[in-house]
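All values derive from a computational prediction rather than experimental measurement. The chain is numbered in sequence order, starting from 1.
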Amino acid sequence: MNATATFGDSDVLIVVDIQNDFCPGGALAVPRGDEVVPVVNRLAARFRNVVLTQDWHPRNHSSFASSHPGKQPFETITAAYGQQVLWPDHCVQGTSGADISKDIAVPHAELVIRKGYHKDMDSYSGFFEADHKTPTGLGGYLTQRGVKKVFVAGLATDFCVAWTAVDARNIGFETYVVEDACRGIDTQGSLAKAWADMAEHGVKRITSADLAA
């Protein structure tokens, strides 16, 4: 059963990685990923504070299967910081695939935070790199702004959205994931596992209809 939630001027919507490479036709397209765009646009229009995250990898990033001879996308390796899924090359710095979708209409977004730019470390979360230690600076920014509640939407539910939501909760923010404003990849049961992990950490699952200003 979904929760309900209220929000106000001290709360933030984090829109995660709605980039061309994660939308249909992109290098790592999330199934039906484009469906979140109108939901996010409607949702963002209701929030005073909106932050966007942007995957921003250098060429030959360590999370790319192409950087590991003999490996294929969606295989896993053991990195210094733990298990790493290998991905097709995606969201390479300066390419159109890394651009935020032109259909995202959030002109009042206050911050775009880039992640995944360290060559030897992935970063699903908008708050920390994949070692769970290296901060992006987003937590400090939101704390200094006096944010109380964090609402998360975007792509993909089971990776960047989930990691962002769990880290927000661990930092101490009251945290919600807006389910109809997200889509998942769901590789090897990852979607169900992500929802379970989020619930275990105290992240609340809502839909956009559950939000009241």
Side-chain angles (χ1 to χ4, degrees), residues 12 14-19 21-22 27-28 30 51-94 97-98 111-145 147 150 152-173 175 177 182 184-203:
V12 68
I14 300 177
V15 178
V16 176
D17 295 3
I18 304 184
Q19 295 166 254
D21 269 346
F22 295 132
L28 184 50
V30 177
V51 169
L52 310 179
T53 73
Q54 187 177 21
D55 229 21
W56 196 248
H57 297 307
R59 297 183 187 278
N60 305 314
H61 190 258
S62 62
S63 73
F64 296 166
S66 62
S67 298
H68 303 271
K71 293 292 186 181
Q72 298 298 317
F74 306 105
E75 292 184 13
T76 59
I77 60 169
T78 301
Y81 48 83
Q83 289 294 107
Q84 172 66 53
V85 178
L86 296 177
W87 305 109
D89 292 25
H90 65 280
C91 297
V92 173
Q93 296 168 2
L111 177 71
V112 178
I113 193 146
R114 288 173 168 170
K115 59 189 182 62
Y117 47 78
H118 293 119
K119 182 178 182 295
D120 296 321
M121 191 184 304
D122 209 358
S123 182
Y124 299 142
S125 171
F127 289 94
F128 292 96
E129 304 286 341
D131 63 353
H132 301 287
K133 298 175 184 176
T134 306
T136 65
L138 179 56
Y141 171 83
L142 296 180
T143 299
Q144 284 196 315
R145 291 287 311 278
V147 165
V150 168
V152 188
L155 304 173
T157 315
D158 36 347
F159 288 94
C160 298
V161 168
W163 285 50
T164 297
V166 167
D167 280 345
R169 187 72 195 100
N170 286 343
I171 290 169
F173 298 110
T175 306
V177 170
C182 304
I185 294 174
D186 202 14
T187 177
Q188 301 175 14
S190 57
L191 187 57
K193 181 180 183 302
W195 282 120
D197 287 347
M198 286 189 276
E200 183 179 336
H201 284 86
V203 174

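Taking both residues in full, the closest heavy atoms of Ser125 and Thr136 are given as O-CG2, 4.4 Å, listed atom of the first, atom of the second, then distance. Here the closest heavy-atom approach between residue Ala194 and residue Thr157 is recorded as CB-O, 4.3 Å. Heavy atoms only, all atoms of each residue included: Leu28 and Pro88 are closest at CD1-CD, 3.8 Å. Residue Gly139 comes nearest to Thr143 through the heavy atom pair O-OG1, 2.8 Å, listed as atom of the first residue, atom of the second, then distance. Looking at every heavy atom in both residues, Val16 comes nearest to Thr53 through CA-OG1, 3.2 Å.
We find the CG-CH2 distance between Asp158 and Trp195 to be 10.0 Å, quoted to the nearest 0.5 Å. We find the OH-CG distance between Tyr81 and Asp120 to be 8.5 Å, quoted to the nearest 0.5 Å. Between the CZ atom in Arg145 and the CG atom in Leu111 there is a gap of 9.0 Å [rounded to 0.5 Å]. Atom CD1 of residue Ile185 and atom CG of residue Leu155 lie 8.5 Å apart, to the nearest 0.5 angstrom. Atoms CD1 and CG, from Ile77 and Leu86 in turn, are 4.5 Å apart once rounded to the nearest 0.5 Å. Atom CD1 of Ile14 is separated from atom CG of Leu52 by 10.0 Å, given to the nearest 0.5 angstrom.
Although no hydrogens or angles enter the test, the distance criterion places no donor-acceptor pair under 3.5 Å between the side chain of Asp167 and the main chain of Phe127. Using a distance-only test at 3.5 Å, with no hydrogens or angles considered, a donor-acceptor pair links the side chain of Asp21 to the main chain of Cys91. A donor-acceptor distance shorter than 3.5 angstrom exists from the side chain of His68 to the backbone of Ser62, with no hydrogens or angles considered. Proximity of a side-chain donor or acceptor of Gln54 to a complementary backbone N or O of Ala98 within less than 3.5 Å is detected. In this structure, the side chain of His61 engages the main chain of His118 through a donor-acceptor pair within 3.5 Å. Ser123 contributes no side-chain N or O that, together with a main-chain N or O of Ala130, makes up a donor-acceptor pair within less than 3.5 Å. Using a distance-only test at 3.5 Å, with no hydrogens or angles considered, no donor-acceptor pair links the side chain of Asp197 to the main chain of Glu200.
Atom CD of Gln188 sits in a sparse spot, with 12 or fewer heavy atoms from other residues, nucleotides or ligands closer than 6.0 Å. Heavy-atom neighbours of Lys119 NZ from other residues, nucleotides or ligands within 6.0 Å: above the threshold of 12.
Side-chain contact check for Thr164 versus Tyr124: every heavy-atom pair is 4.5 Å or farther apart. Inter-residue side-chain proximity for Cys182 and Val177 is flagged as met; some heavy-atom pair is nearer than 4.5 Å.
Between the side chains of Gln83 and Thr78, at least one donor-acceptor pair of N or O atoms lies under 3.5 Å. Using modelled atom types and a 3.5 Å distance limit, the side chains of Ser67 and Asn60 yield no donor-acceptor pair.
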**OP:** Walk me through it: do Asp122 and Gln84 pass the test side-chain hydrogen bond (donor to acceptor under 3.5 Å, both in side chains)?
**Re:** CA-CA 8 Å; Asp122 209 358; Gln84 172 66 53; 3.0 Å; yes
**OP:** I would like to know whether Thr187 and Val85 meet side chain to side chain contact (heavy atoms under 4.5 Å, CB included); could you show each step before the answer?
**Re:** CA-CA 10 Å; Thr187 177; Val85 178; 5.5 Å; no
Original post:
What's the verdict on side chain to side chain contact (heavy atoms under 4.5 Å, CB included) for Leu142 and Val12, showing C-alpha distance, side-chain angles and the deciding distance?
Top reply: CA-CA 8 Å; Leu142 296 180; Val12 68; 4.1 Å; yes
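Of the options Gln19, Arg114, Lys115, a side chain to side chain donor-acceptor pair (under 3.5 Å) to Asp55 is made by Lys115 and by none of the others. For the pairing with His57, the ring pair (Phe, Tyr, Trp, His ring centres under 6.0 Å) check across Trp87, Phe64, Tyr117 returns one residue only, Phe64.
Using bins of under 30°, 30° to 60° and over 60° for the plane-to-plane angle, the ring pair His90/Phe22 lands in the tilted bin.
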